[in-house]
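Here's the structure, in structure tokens; my notes come after.
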Amino acid sequence: MKADDFYATRRDVLCYAGAASAATLVGVPAAHAAERQESPFEPDLALELTAAPHDVALRSGPKTPAWSYRARVLKGDPASVQSWNGAWLGPILHLRRGQKVRIDFINKIDQPSIINWHGLHVPADMMGLPRYEAAPGERYRYEFEVRDRAGTYWYHAMAADHTPEQVYFGLAGLLNVSDKEEDALSLPRGEYDLPVVIQDRSFGDGNRLLYLPGTGPGAATDGNSGAQTPTPRGGMMGQGMMGGRGMMGDGMMSGGMGSMMTRMMGFFGDTICVNGQPDARLEVATHAYRLRVLNASNARTYKIAWQDGRPLAVIATDGGLLDAPLEKDFVMLTPGQRVELWADFSQDAIGTEHRLISRAFKGSMGMMGGGMGGGALGELMGRMMGSAPLPDGAEFPILTVDVTRKAAGTLELPRHLSTVARLRAEDAVNHKRPRQFRVTMGHMRWGFNGRSMQMNEVASDEIVTLDTTEIWEFENNGMMAHAIHLHGLQFQVLGWSGGTSGSDVNAGRIQPGWQDTVLLMPNERVRLIMRFKDFAGTYAYQCHMLEHAASGLMRDYRVKPARALA
């Protein structure tokens, strides 16, 4: 498969330029709609993004039922939208810093939904949180100015009860931001700038995606399920409790204990998909490439490496370019995280094959107790994880890269990429007493500091002040890893402490640069520093292992104006 075969060229994308018609702001709070009408917003780019059922030809045989985003350009450059060839992923959106953007989300699936702009710094009512979800047949209008640095961001569905399901069945896509600083660099562009969106899935009879019973396209209306119980194929737990290949394989789909454990621990599929395609291969030329790698899996963490041992050249993290390239033997990438790699194939002979893999590591579960408790329950869950067809922390291939053609010209990896402003711990208003967030579990519900998600609930210790810098410390005394994500801003990592993963994980972490998602291993703490600027309002923080968030590991936080009372 050639690079261009992953997605349609920007010239070929199905989009329509023209004046934006007045959209009915169904699903938008009345006060918000009135405010918009009083202050007309003139967009540089106006789009419609529609979530709808979509059957996708992924493997031989029947098409796979999925949900997908379809885009329509109403105003601005049609090349702002880049569609895929035969994948469930939403189109790649190309935005530019300083650009004013209007996006009308239209919900044509049979569940409430909203689009969350992962990593973007936008007003709270433009972030795409569950409180603003649009019912089936309704829409929500986003209007914001792009304030973020050039980098790789993404967008995905959010819904109070359906986020993991909707993302799993296809409602996610990349969002690339460019700016003048990036323009001045000699970075790979055009056909040499490639997405690598990694997801794990499981397939059952008729090429249907397997997930929890009663989920997926059509499940609410015709009794179909993307999680039909497949023919058992053995596994540690046999056909009793799990009904098949162990909790994380087909057997979990039978419901009961398997479904409960999936909701608590997260979904782990047995097939790795890249850019919406299983068993992906990518044809490249003898040239340097910019690989925009996104972990869009529900729960799986990857230990990214080249199989032949050549180092990775990291040029950017979640929030854009680093000061300088960073050489790593491997990179840990937890759900929601992005990393940009410089991959140079210019010296390779035609016919050379490279394989991007996930190396083995001690998985997301530790046996140290706490959280859900260690002991017999911890041992049981550990065995169930280990019996899965593709266990968490196993080694497996991700993507095969084939060098198939010659390319003219060469590019040298820049020694300097950007200037990243450092936040200083001593400037934090709470530098002597960081805000504490402890991952907890009670009554089979995840939580922070003993509190699970409650819509529109903000505790007194979840209120911060606009135009201040703070340090937040997340503590994980449990037996499972988590992917800590903050909405509405980027942070910097001050450091990790504790834990038992050692160099098995630590050497693959990236501390410099701006990030919005960070891996927190069992029995570990991480300190983050961030500045609350520009927008007051209610945002969220969560674990981006989506089943964890849906099981309570998500809370709101409020940014109050500097002169407001608590």
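- For Ser202 and Tyr211, the side-chain atoms include no donor-acceptor pair closer than 3.5 Å.
- Side-chain rings of Tyr140 and Tyr132 approach one another, their centers coming within less than 6.0 Å.
- Residues Ser551 and Arg263 have side chains that never bring a donor and an acceptor to within less than 3.5 angstrom of each other.
- Between Trp472 and Phe437, the gap from one ring centroid to the other is short of 6.0 Å.
- Across all their heavy atoms, Met265 and Ala299 have their closest contact at O-CB, 4.5 Å.
- Neither side chain, Gln111 nor Glu133, offers a donor N or O lying under 3.5 Å from an acceptor on the other.
- To the nearest 0.5 Å, the span separating OG1 on Thr50 from NZ on Lys108 amounts to 5.5 Å.
- Ring centroid separation for the pair His482 and Trp446 comes in under the 6.0 Å cut-off.
- Aromatic rings from Phe41 and Phe144 are positioned such that their centres are separated by 6.0 Å or more.
- To the nearest 0.5 Å, atom CZ of residue Arg70 and atom CG of residue Leu49 are 12.0 Å apart.
- Outside the 6.0 Å centre-distance limit, the rings of Trp154 and His485 are not counted as a close aromatic pair.
- Going from atom NE2 of His487 over to atom OH of Tyr557 covers 8.5 Å, rounded to the nearest 0.5 Å.
- Of the N and O atoms on the side chains of Gln490 and His121, not one donor lies less than 3.5 Å from an acceptor on the other residue.
- When atom types are taken as modelled, the side chain of Asp318 and the backbone of Asp516 share a donor-acceptor pair closer than 3.5 angstrom.
- In this structure, Arg208 is not positioned above the aromatic face of Phe203 in the sense of NZ or CZ being under 6.0 Å from the six-membered ring centre and within 45° of the axis.
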